[in-house]
Amino acid sequence: METDLKLESSVFVGNQRYRAVLTGWHFNWTEVDKKHRDKKTISVPVAEVLAVEEGRVEILPKKLVEDKDKDFTVFYVKRSSSRGSSGLLWRLGRTQFRCPSRVLRDQWTKHLRAAVKTHSPLRPHKLLVFINPFGGKRKGRKIYHSVVAPLFELVGISSHVIVTERANQARDHLLKKDLTGFDGVVCVGGDGMFGEILHGLIGRTQQESGLCENDPAVTLQPCPLHIGIIPAGSTDCVCYATVGVIDPVTSALHIIIGDSQPLDVCSVHHASALVRYSVSLVGYGFYGDVLAESEKHRWMGPLRYDYSGAVVYLSNRSYKGIVQYLPADRPLSSPRDKTRCLSGCSVCSRSTERLFPHSPDSGTVYSAQYSQFSNVSEGQWVSVEGRFRCVSLTCMSSCCPKSPQGLSPSAHLADGTGDLILVWDTNPLGFLKFLYRHTSTQDQFDLPFVEVHRVKAVRFSLASGEEEDAYEELAGQGSVGMDEEDRGYVETVSRSSSQQQLAAIGTRRQMTKELKTPSPFLCGLCCSKSPPVSVWNCDGEILPFTEIVCRIHCQLVRLYARGIEDGTAAHNCSEGSDKCERRCILH
Ligand SMILES: Nc1ncnc2c1ncn2[C@@H]1O[C@H](COP(=O)(O)OP(=O)(O)OP(=O)(O)O)[C@@H](O)[C@H]1O
Ligand SMILES: CCCCCCCCCCCCC/C=C/[C@@H](O)[C@H](CO)NC(C)=O
Ligand SMILES: [Ca+2]
């Protein structure tokens, strides 16, 4: 079959003659110029050919076709020379070819289209798109219609677009509505919007499989639909950590070619009920306080995080707690090994082999054995107790523009583990050093008050007697930030454990209204006593509980992405090489 897809002939690009060659995996064209020895070759992996059209085609400012009999146009992924922050920016490449005859032109279009079909089996045909018109700088609608929709149209993707009118609309749609025929779901927004898609798809998949999400010991079913993220939020951490850049064109092109990046997901539970899922940060102390503070200043837009970071830092707080964790089984890597999870990561590939041992394509036969959790004995939990500046659990590096290396630079996207970062109480200067190192390449774990562990589960509790005091104290602080309604809510939180009540809790904005933590600024600088508990930040949402259990689920969802492409680390794949496993980026 492969040989059928081979083709070679002379073609013209403008007035210059080229030798075009289609091998199984690459489409190359080389200048034919007898005078010059250095021949220029352009090589495009077939998997990155976006569309093949008869005639000379333009798509911008609008689609224009000059159908000359012997012409065809190839659209493909072109890597931009200007690097996007951490990964590579992708742009739409276009070359118009002229053949010696119409017969040859038809052969080229037929062979190229067949090769694309063979080498990109996961390209979506139909997508469900949710746009949050209020995310980030409120540009979601414009970004989709001016940048993404024309690209989807070019390649023939049909999309059903829903502009959301309320928070949780996308999640509810995915939980209840008919999803037949869709290959994937795209969210245009930030991490909060991604969270809605994540919860909708995971919940729907477990419902359909008859699995109970409440029990952390249950092996959840991976979601069949892919998720695409068009970044239009404030932090866009999930997009940055899985693509390496925050750029709608790059993300749209990853969706079009059907790239597939599995992602670990952490489920967070309280009193035998699921609270939320997370892919980036479950953080107590500093990151929880920053989020709670920032919600009061949403009007500042993305700047609210910088302002709140400074306010919370100045409040100089630490919290008592008991942290228990289950170290990762047979870990393939360590959080201090100074490696990075990049596109084609071998640690994640080996985890895929462990998870799906019988499937050559990795994805059909799920190994419950690898993800088994229920037979863990109590003695396997490691326990530490003390005062912490922050306790953070992250399933991935959680890099973002503010922290280009991330909370845990050597964490992996799809290895079934998370990194638990414990920052013990320390002096303000020490903690500032730790925070500052997030913004540079310095090792934030190389500090005497910081430890990091690669784990598969974490439990957090307050010291005995502490929890009741904590809630009483919060309820008693009505004069600081709580009205009658809030006090009622705190009572509900401390006594309830049902998932229905959790579902009713809703968005982070509602949460800050319902469970107003006293301002850390006020408490740290103006009051004599600090509050005894912080809040958990779960991918940018405040959790209504302090005592939680977290479990990492290996590769529970798949994104239209391929991990961060690091141009400098590209391996030496010779031009036209047929078997480039890493979808070589040297062309
Ligand atoms: N139409 C809507 N009206 C109000 N809120 C909405 C609407 N659609 C979605 N939301 C909610 O808005 C919240 C924030 O949206 P989003 O994540 O897109 O932007 P952001 O908060 O600016 O970015 P980030 O999450 O990256 O910081 C989400 O949690 C989502 O549930
Ligand atoms: C006093 C100066 C403070 C500087 C602090 C710099 C540290 C930046 C680290 C950022 C890590 C962000 C981790 C990502 C979290 C996301 O899940 C979440 C949702 O978007 N974002 C936030 C801000 O909670
Ligand atoms: Ca991981």
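Remember, it's 1-based here, ligands and their atoms both numbered in the order they're listed. Heavy atoms only: backbone and side chains are in, while hydrogens, waters and symmetry mates are out.
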Nearest 10°: the angle subtended at the Ca ion (ligand 3) by Thr417 O and Asp415 OD1? 90°

Could you tell me which atoms of ligand 1, counted from 1 in the order shown, lie closer than 4.0 angstrom to a heavy atom of Tyr305? 27 (O)

Purely on distance, is any nitrogen or oxygen of Pro133 under 3.5 Å from one on ligand 1? no

Of all the atoms in ligand 1, which lie at a distance below 4.0 Å from a heavy atom belonging to Gly136? 19 (O), 20 (P), 22 (O)

What atom name does the N, O or S atom of Asp264 nearest to the Ca ion (ligand 3) carry? OD2

In terms of ring plane angle, is the pair Phe460 and Tyr284 parallel, tilted or perpendicular, where the classes change at 30° and 60°? tilted

So does His412 have any N/O/S atom less than 3.0 Å away from the Ca ion (ligand 3)? yes

Per-atom contacts of ligand 2 with Leu407, taking only distances under 4.0 Å to non-hydrogen atoms: 11 (C), 13 (C)

Taking the six-membered ring of Trp424 as reference, does the NZ or CZ atom of Arg389 fall below 6.0 Å from its centre and within a 45° cone about the axis? no

Which is closest to atom 23 (C) of ligand 2 in terms of heavy atoms, Tyr436, Tyr313, Tyr305, Phe434? Tyr305

Would you please determine whether Arg298 falls within less than 4.0 Å of ligand 1 on a heavy-atom basis? yes

Classify the ring geometry between Tyr313 and Phe431 as parallel (under 30°), tilted (30 to 60°) or perpendicular (over 60°). parallel

Taking only non-hydrogen atoms of Asn537 and a 4.0 Å limit, the atoms of ligand 2 in range are 24 (O)

Under 3.0 Å from the Ca ion (ligand 3) - does any N, O or S atom of Cys554 fall there? no

N or O contact, Ser280 vs ligand 2, cut-off under 3.5 Å: yes

So is Asp191 polar-close to ligand 2, meaning N/O to N/O under 3.5 Å? yes

Within the 4.0 Å heavy-atom shell around Asp236, which atoms of ligand 1 are there? 26 (O)

Here the atoms of ligand 1 under 4.0 Å from any heavy atom belonging to Thr164 are 1 (N), 2 (C), 7 (C), 8 (N), 9 (C)

Which class fits the ring pair His270 and Phe545: parallel under 30°, tilted 30 to 60°, perpendicular over 60°? parallel

